Colleague: 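I am attaching a structure below and will ask some questions about it afterwards.
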Amino acid sequence: MAMEKTFDAGTREPLIYTKWEEAGAFKAGANAKAGAETFTIMLPPPNVTGFLHVGHAFNHTLMDILIRWKRMQGFDTLWQPGLDHAGIATQLVVEKQLAELGQKRSDYSREDFIAKIWEWKAVSGGTIQEQDKRIGAGMDWDRSAFTMDENFHDAVIKVFVDMYNKGFIYRGKRLVNWDPHFETAISDLEVENIETDGHMWHFKYPLANGATYEYVEKDEDGVETLRETRNYIAIATTRPETMLGDGAVAVHPTDERYAPIVGMLCEIPVGPKAQRRLIPIITDEYPDKTFGSGAVKITGAHDFNDYQVAKRSNIPMYNLMDTKAAMRADGRPYVEEAATAQAIANGEQTFDEAMIAAMNMVPDEYRGMDRFDARKAVIDAITAEGLAVMHDVTRTEKDEDGNTVEITETVPYVESKKIMQPFGDRSKVVIEPMLTDQWYVDTAQIVEPALDAVRSGRTKIMPESGEKVYFHWLENIEPWCISRQLWWGHQIPVWYAPVIEDGVIITGKYEMFCAATEEEAVEKARIFYGEKANVINGQGKRFEDQEHTLASFIDALKNSMRHGDGPIQVRLYRDDDVLDTWFSSGLWPFGTLGWPNDTPELAKYFPGDVLITGQDILFFWVARMMMMSQAVMDKDPFHTVYLHQLMRDAKGEKMSKTRGNVIDPLVMVDEYGADALRFTMGQMAALGGVLKISEDRIKGYRNFGTKLWNAFSFAEHYEIPNAGTHALPKAENTLNKWIIGETAKVREVVDAALETYRFNDAANALYAFTWGKVCDWYVEFSKPILQGEDASAKLETEATLRWVLDQALIMLHPIMPFITEELWGQADNRANLLVTQEWPTFTAADLVDADADREMNWVINLIESVRSARAQSHVPAGAKVPLVVMGLDAKGQSAWDNNSALIMRLARIETLEHVEAFPKGCVTIPMEGGTFGLPLEGLIDVKEEIARLEKTMQKLGKELGGLRGRLNNPNFVASAPEEVITEARENLALREEEEAQLKAAIARLAELG
RNA sequence: GGGUGAUUAGCUCAGUUGGUAGAGCGCUUCCUUUACACGGAAGAUGUCGGGAGUUCGAGCCUCUCAUCACCCA
């Protein structure tokens, strides 16, 4: 059956993939040699909601190349697949679906909503795994893990409990990044800071009791530039709505302008006149004297910098907003709250965290307003009261008569400026710093082993620049907020219960019991309370309170669960929050292998080898896996981290739906086949390189596949037997020796490249070998032999060609698995599928024949030179011409004799004649060992030919100049290494010979002209 | 503001301990010669961002400036 004209990727690829799966080729340990070392790659689990985008395609292709290569080498390989439950992203998908039905999450109970997500997962989750098969990714699918699987859940809970018991995890009230859309805390890494157009308003905070002071400004030289009596301190802010929660005004301790009023009270210029709050003017290092007025309002509960200042000076932090970032509407009337706050500010009343948290400092008129509406309302109220800082603005206008007039107005001083605003990376809404109770990993306690892994070289990050970034981040690591106010995820295994003192439940406090199960928590509680209380097992039921908040739980317990004079009835209340998705994916390297159970896979495949992932999740995931692995397993999870950049379009822009520049890998697979896409990915993967993908490239590598295809089509055309086992032929023929040597060379290059993760070098070497060596030269050279009469040479060449083509298939397979498997399968009888074929180990030292190498390069050089001379002399491509040679030495003669058939065929030469002198009008071709010439009198343009030779001379002259300059420089000869000098001398001799030949040729032509 | 990286042919990019610049695509000319027009042959194109330094020698090392990108504040 004749081969098709090209490889039909569309129909053949899925069939080939099925064959691999049926053969179990991707299973852990497939093709492993007895006692082989393991080679493990953990797939960075895509979101369960995910679709295969071009970034996955790249990432997964690199892993597949490595795994296929190692598998063929006989390693015991595992490529562990799986999916991440992706808390927010997944909840969002299902909420969107409900929205289409006109429903929302709160229409369901927590259990029912989670059941909905599981339903969704069963139907639509993990589409990406099927898509992965399209690009040929060979993972052990039967082992596919999910971060919400039962076993994985056990692992997560166990780690939490262990870390809690070791004191690595704690609960605390901190300022967190709050996402008002999803109504949850998020980590620093989930916040994107984007520069946006903002405004800075300037307001006056009047001093208490009508106090005044001399406000003096001086320039750099200490010369007074402004002096006035003021009864206020000016504040600049981009967030006026948070003024309601101010606890102080801070100035720098060295700021002389405000020195007279430090320690005084000033008034927040907003809210009902009768209850204006007075706050202290304090000093702190934080304010920048040169920025704004130099005075900063301190709103500890709504700004990260202010939070630090407030903590330092024990300034109360009033939380102004609810979970949707609307102004709070709970608590006591403003009049009462303000009175309490004033007592605190006056130092007349002590306060604690819980008390401050309960206070609502939003005046009644703003309660319930959206934060941005509240901002407008506050600005308007202050401006109306005349407490905005004003300035004069002059503009020019034409009056009725067309004359230009200047109009000066006094208007509120509002600066328009770019501000960095935090946005949620998922929700795209403005993040609100919020003071809430959250769970934290005390990363400072577990970071050291992860740092040490890289410092000591146990774990290598590639490219090396990644290590610097890694150190910088980990050395300055912040506590990791791991609680999320979501439903989809691993619920925190902590149960709360009331604090009981003297037989009374204390409001605002709680006991915590951390345990793997509710039963264990109850048991712990029983032991803890002893006689003090009677702990009831709630059996998973949550306390019957609509709000489900801890505070209301304890209040309700206090009010309703007391039974006469007997022991207090205590029921446990489980924390509602779930864990950050990255907490569970941090356990991926061992959770997927069955930990905490002691499985054979865990023993065998952990720790793994290489992690290949995007640079963007170095902190999110890589660093956390390294910390968690050490904290839980006392081992590094892998020895190498390969980081790559984000995939961009051909122009280097980020791909986005709105830009419309998204390249869909599956569309590319449909159009050009998976191999073309994969080769493009491999070829692009230079360490640290920017990844720009274009369809043209993919097309180019599709053509490469066709070229390979046609090499086989050639072999078939010449009816070269293809038995299935092709042993390394014992070659006598120079040509065959040469290509065998080239094959060995490329094998070494490919292995060396893949060992060091230089996928691009491997791909390029294979491309150059297959196309540039095998197809361009070897196949052409073999034609005269295959068509010739020498039966033994023919047999040897046939065997060599088959062997070389097989080696090309083997070595190309990791990058282009489909077409190579297809071509492999065309042999009569193969013992293996290519996917489990043994990888070669032959070396250049064994197989390169230096003489054959030199001879074939000489032949190629001669053919190229003749072709070049012909083209420049406009000899018709089809015409056969005679060749003459002068002073051919023994080596040259032998090279010619061995290869005259090839040369004459490929250079279209009729005859070779030895001459004493070149005829007139002869084109000169200088070669090592003799000068060749094309007698083209009448055909060549003498002037043109002289110009051509002179151009060559010029190039040569440059080279000669450089070489002579170096060799004549005594410093070079004295200090350069011996081999460099020798090389230069040899080079010079060769060039000088060539120069002499060219000079002679030009002289001859000049006679003619 | 801090950090990291980039700047090499028209485009996209390689260039591994410093030894005198490469690939793919594109472009120009010629060729349908029985593996392949998703092809073959030939060809053109570089002050390696600017400047300075170290060195016998710098695309590569050092400093500096410029521009761009990304990350973190």
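In what follows, chains are A, B, ... by sequence order, proteins preceding strands, each numbered from 1. Quick caveat: nothing in here was measured; it's all calculated off a predicted structure.
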Colleague: So A:Phe712, base contact, sugar-phosphate only, or nothing? Heavy-atom distance under 4.0 Å.
Modeller: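 Nothing: the residue A:Phe712, judged by heavy atoms under 4.0 Å, touches no strand.
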Colleague: To the nearest Å, give me how far apart CG (A:Asn710) and P (B:G39) are.
Modeller: 9 Å
Colleague: So A:Tyr767, base contact, sugar-phosphate only, or nothing? Heavy-atom distance under 4.0 Å.
Modeller: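 Counting heavy atoms under 4.0 Å across all strands, the contact made by A:Tyr767 is with sugar-phosphate only.
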Colleague: Starting at CG of A:Asp303 and ending at P of B:A73, how long is that distance when rounded to a whole Å?
Modeller: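 Taking CG of A:Asp303 and P of B:A73, I get 14 Å after rounding.
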Colleague: Base, sugar-phosphate, or nothing for A:Lys5, non-hydrogen atoms under 4.0 angstrom?
Modeller: sugar-phosphate
Colleague: Between B:G39 and A:Trp709, is there an OP1 or OP2 to side-chain N/O distance shorter than 4.0 Å?
Modeller: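 For B:G39, OP1/OP2 do not have a side-chain N/O of A:Trp709 under 4.0 Å.
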Colleague: For nucleotides B:C30 and B:C48, find the distance between their P atoms and express it as a whole number of Å.
Modeller: 34 Å
Colleague: Tell me the partner of B:U17, counting only Watson-Crick (N1-N3 plus N6-O4 or O6-N4) or G-U wobble (N1-O2 and O6-N3) with both under 3.5 Å; none if nothing fits.
Modeller: none
Colleague: Just call it for A:Glu755: base, sugar-phosphate, or nothing, with non-hydrogen atoms closer than 4.0 Å on any strand.
Modeller: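 If one applies the 4.0 Å heavy-atom cut-off, A:Glu755 turns out to touch nothing in the nucleic acid.
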Colleague: If you compare all heavy atoms of A:Asp303 against all heavy atoms of A:Pro433, which two are closest, and at what distance to 0.1 Å?
Modeller: N-CB, 4.0 Å
Colleague: Determine the interatomic distance between P on B:C63 and the same-named atom on B:U4; round to the nearest Å.
Modeller: 12 Å
Colleague: What do the steps show when you test A:Tyr718 against A:Gln787 for side chain to side chain donor-acceptor pair (under 3.5 Å), and what is the final call?
Modeller: CA-CA 9 Å; A:Tyr718 278 77; A:Gln787 293 163 356; 2.9 Å; yes
Colleague: Would one find more than 12 heavy atoms of other residues, nucleotides or ligands at under 6.0 Å from atom NZ of A:Lys745?
Modeller: yes
Colleague: Quick one: on RNA chain B, does A:Arg758 or A:Trp777 contact a more 5' nucleotide (nearest heavy atom)?
Modeller: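 Of the two residues, A:Arg758 wins.
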Colleague: Using a 4.0 Å heavy-atom cut-off across all strands, classify A:Val973 as base, sugar-phosphate, or nothing.
Modeller: nothing
Colleague: When the C1' atoms of B:U62 and B:A58 are considered, how many whole Å apart are they?
Modeller: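 Straight-line distance between the two C1' atoms is 11 Å.
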Colleague: May I ask you to check whether over 12 heavy atoms, not counting those of A:Lys460, lie within 6.0 Å of atom NZ?
Modeller: no
Colleague: Give the rounded distance in Å between these two atoms: CG of A:Asn861 and C1' of B:A41.
Modeller: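 Checked: the CG to C1' distance equals 16 Å.
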Colleague: Please determine, for the side chain of A:Glu864, which listed nucleotide (B:A42, B:U34, B:U33) has the closest atom?
Modeller: B:A42
Colleague: Any base atoms under 4.0 Å from A:Ser713, or only sugar-phosphate, or nothing? Heavy atoms, all strands.
Modeller: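 Counting heavy atoms under 4.0 Å across all strands, the contact made by A:Ser713 is with sugar-phosphate only.
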Colleague: Below 4.0 angstrom from OP1 or OP2 of B:A41, is there any side-chain N or O of A:Ser868?
Modeller: no
Colleague: Do the ring planes of A:Tyr642 and A:Tyr757 sit parallel (below 30°), tilted (30 to 60°) or perpendicular (above 60°)?
Modeller: tilted
Colleague: Take A:Glu4 and A:Arg12 through the salt bridge (Lys or Arg N to Asp or Glu O under 4.0 Å) test and state the conclusion after the steps.
Modeller: CA-CA 12 Å; A:Glu4 298 291 323; A:Arg12 296 301 300 162; over 6 Å; no
Colleague: Parallel, tilted or perpendicular: which one describes the rings of A:Phe7 and A:Trp709, with boundaries at 30° and 60°?
Modeller: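 Taking A:Trp709 first and then A:Phe7, their aromatic rings sit tilted (interplane angle of 30° to 60°).
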Colleague: Heavy atoms from C-beta onward define the side chain here; which of B:G40, B:G24, B:A42 lies closest to that of A:Asp776?
Modeller: B:G40
Colleague: Please tell me if A:Asn703 has a side-chain N or O lying less than 4.0 Å from either OP1 or OP2 of B:C36.
Modeller: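 Result: no.
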Colleague: Tell me the interatomic distance from A:Leu967, atom CG, to B:U20, atom P, rounded to whole angstroms.
Modeller: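 Whole-Å distance recorded here is 13 Å.
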Colleague: Using purine N1 to pyrimidine N3 plus N6-O4 or O6-N4 for Watson-Crick, or N1-O2 and O6-N3 for G-U wobble, each under 3.5 Å, what pairs with B:C27?
Modeller: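 Paired with B:C27, as far as the under-3.5 Å criterion goes, is B:G43.
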Colleague: What integer distance in Å separates A:Phe714:CZ from B:C38:P?
Modeller: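 After rounding, the reported distance stands at 21 Å.
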Colleague: Please determine whether a side-chain nitrogen or oxygen atom of A:Lys783 lies at a distance below 4.0 Å from atom OP1 or OP2 of B:U33.
Modeller: no
Colleague: According to a strict under-4.0 Å criterion, is A:Tyr718 in side-chain N/O contact with OP1 or OP2 of B:A35?
Modeller: yes
Colleague: Has the side chain of A:Arg702 got a donor or acceptor atom sitting under 3.5 Å from an opposite partner on the base of B:C38?
Modeller: yes
Colleague: The side chain of A:Arg908 is closest to which nucleotide in this list: B:G19, B:C36, B:U33?
Modeller: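 Nearest nucleotide to the side chain: B:U33.
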Colleague: Which base sits across from B:A66 as a Watson-Crick or G-U pair, both distances under 3.5 Å?
Modeller: B:U7
Colleague: Taking a pair as Watson-Crick or G-U wobble with both distances under 3.5 Å, which nucleotide is matched to B:G59?
Modeller: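 Pairing partner: none.
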Colleague: Identify whether any heavy atom of A:Lys880 sits under 4.0 Å from a base atom; if not, whether one sits that close to sugar-phosphate; answer base, sugar-phosphate or nothing.
Modeller: nothing
Colleague: Output the rounded distance in Å from OH (A:Tyr672) to C1' (B:C25).
Modeller: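 It is 13 Å, rounded to the nearest whole Å.
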Colleague: Using the C1' atom on both, measure B:U32 against B:G39 and round to a whole Å.
Modeller: 10 Å
Colleague: Considering only atom P, compute the distance from B:G15 to B:C60 and round it to an integer number of Å.
Modeller: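 These two P atoms come out 14 Å apart once rounded.
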Colleague: When you compare B:U34 with B:U12, how far apart are their C1' atoms, in angstrom units rounded to a whole number?
Modeller: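 About 37 Å, rounded to a whole number of Å.
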Colleague: Could you work out which one of B:C56, B:A42, B:A14 sits closest to the side chain of A:Asn760?
Modeller: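 So the side chain of A:Asn760 is nearest to B:A14.
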Colleague: Please state how far atom CE in A:Met681 lies from atom P in B:A14, giving the value in whole angstrom units.
Modeller: 16 Å
Colleague: A:Asn971 or A:Asp761: which one's nearest nucleotide on RNA chain B is closer to the 5' end?
Modeller: A:Asp761
Colleague: Using side chain to side chain donor-acceptor pair (under 3.5 Å), reason through A:Thr613 and A:Asn59 one step at a time and then give a plain yes or no.
Modeller: CA-CA 7 Å; A:Thr613 193; A:Asn59 184 253; 4.9 Å; no
Colleague: Rounded to the Å, how far apart are A:Tyr286 OH and B:A73 P?
Modeller: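 Distance, rounded to whole Å: 15 Å.
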Colleague: Regarding A:Glu742 and A:Arg747, does a basic nitrogen lie under 4.0 Å from an acidic carboxylate oxygen?
Modeller: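 Looking at A:Glu742 and A:Arg747, the cut-off is not met.
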Colleague: When the C1' atoms of B:G46 and B:G5 are compared, how many Å lie between them, rounded to an integer?
Modeller: 23 Å
Colleague: Do the side chain of A:Arg966 and the base of B:U20 come within less than 3.5 angstrom through a donor-acceptor pair of N or O atoms?
Modeller: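 Between B:U20 and A:Arg966, which were checked side chain against base, a qualifying N/O pair under 3.5 Å is present.
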Colleague: Should B:G1 form a Watson-Crick or G-U wobble pair with both distances under 3.5 Å, which nucleotide is its partner?
Modeller: B:C72
Colleague: Expressed in whole Å, how much space separates the C1' atoms belonging to B:G24 and B:U64?
Modeller: 35 Å
Colleague: Heavy atoms from C-beta onward define the side chain here; which of B:G39, B:A41, B:G19 lies closest to that of A:Trp771?
Modeller: B:G39
Colleague: Tell me the partner of B:A35, counting only Watson-Crick (N1-N3 plus N6-O4 or O6-N4) or G-U wobble (N1-O2 and O6-N3) with both under 3.5 Å; none if nothing fits.
Modeller: none
